[in-house]
Amino acid sequence: MVSGISISKQEIIELLALRGEEQAELHRKSSAARRDSVSDRIYIRGLVEFSNICVNDCCYCGIRSSNKTVKRYELTPDEILSCVDEAASAGLTSVVLQSGERSGSGFISYILKFIRLIKEKYPDMGITLSCGEQDRSVYKEFYDSGVTRYLLRIETSDEDHYKKLHPESMKFSKRIKALKDLKETGFQVGTGVMVNSPFQTPEILAEDILFFKEFDIDMCGMGPFIPHSSTPFADIGFSSENNFNTTLNMIAVLRLVMPFINIASTTALETLSPGGRESGLTAGANVIMPQFSPFSKRGDYGLYDNKFTGPEDSRSFIAALAERIQELGLIPAPQEPGTSIHYIRKAEDVSHS
Ligand code: 5AD
């Protein structure tokens, strides 16, 4: 079995800048690395954005707490179950449940309630949760309720950069601690960064890749930074094309460095360019997460301007998506649980030592 390449910061910086034929060559290499490690199978997970209420005030994010223009919502457990019904009837066996960050016992028992409902009806449904930083004991409750994967983006691995993107109240050290708590609880842990966010340098992006390796993550989601009009970064200059291409190269380099992890091709790629998620797969991603939130609510989960919402009929969308995946020479695998092979291999290493 192949193992990841060793690479220096400088080499990563050079790879991230490739465009044209050299970029296509990089993506051919990362696709080959995917084939040799996790195979050509593409996992499809239904994404349910169950609440846009958030206590954090991140400078880049459209659902930041101080944005009073957002219509806030929280789906009821039954509404969430209906979304999961939709995903199941489209043939999916895995869902990602995501929300803004909140804490407190009310919020936690609400989450435990709908997880129980989902597990009662679909005992084998894979559940990924993403609802921010929580106490370690809360992570344990989530894990014990049947959640096996957790996503918490670090957003940037550089502490000074983190401070420029977040309010004083959000601490980089707390984010790292949360990621460690998740890992020690037993989750498959996913993290990620925005690509070309304000004040980010190519050097920081290279360090992000090395951080993922060092932390030994199981899954990764990275998307291009896209400004939101009701945030402090509304008027910051940005190149849609550059952010798009740098994101694709981040995916490709990460696939070469960590061949066995799950890498998502994100909605933000699709937002910048129709078919952008397919480009992410061509660059080496192996997971795609189409929306299954109620159609009427999708516009309210506005992390950035013009966020792609997908069509209302998620079921026919899945069928069309599966066809497009096949056209790329890849294998749609909605029926597979999609456990991170990196995570499985780590567990095997421990049991053999
Ligand atoms: N552009 C791109 N991605 C964003 N996110 C939040 N705001 C933006 C933005 N303006 C991403 C963050 C967060 C995830 C849910 O969405 O990385 O973790």
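Atoms within each ligand, like the ligands themselves, are counted from 1 in listed order. Worth knowing before you read on, the calculation uses all heavy atoms, side chains too, and leaves out hydrogens, waters and symmetry mates. We're numbering straight along the sequence, starting at 1. If you're wondering where the values come from, they're calculated on a predicted model, not measured in any experiment.
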A side-chain contact here means heavy atoms from C-beta on lying under 4.5 Å apart; do S3 and P259 qualify? no
Spacing of F233 atom CZ and L165 atom CG [to the nearest 0.5 Å]: 5.5 Å
For ligand 1, which of its N or O atoms have a protein N or O partner closer than 3.5 Å, and how long is each gap?
unit_1	atom_1	unit_2	atom_2	d
ligand 1	1 (N)	I226	N	3.0
ligand 1	1 (N)	I226	O	3.3
ligand 1	10 (N)	Y60	O	2.9
ligand 1	10 (N)	I226	O	2.7
ligand 1	17 (O)	R153	NH1	2.8
ligand 1	17 (O)	E155	OE1	2.6
ligand 1	17 (O)	E155	OE2	3.3
ligand 1	18 (O)	E155	OE2	2.5

With distance as the sole test, does N52 use its side chain to make a donor-acceptor pair with the main-chain N or O of Y301 at under 3.5 Å? no
Once you measure the plane-to-plane angle for F142 and Y139, does it fall in the parallel (<30°), tilted (30-60°) or perpendicular (>60°) bin? tilted
The side chain to side chain donor-acceptor pair (under 3.5 Å) partner of S51 among E74, R72, R102 is R102
Side chains of K174 and F172: does their closest heavy-atom pair fall under 4.5 Å? no
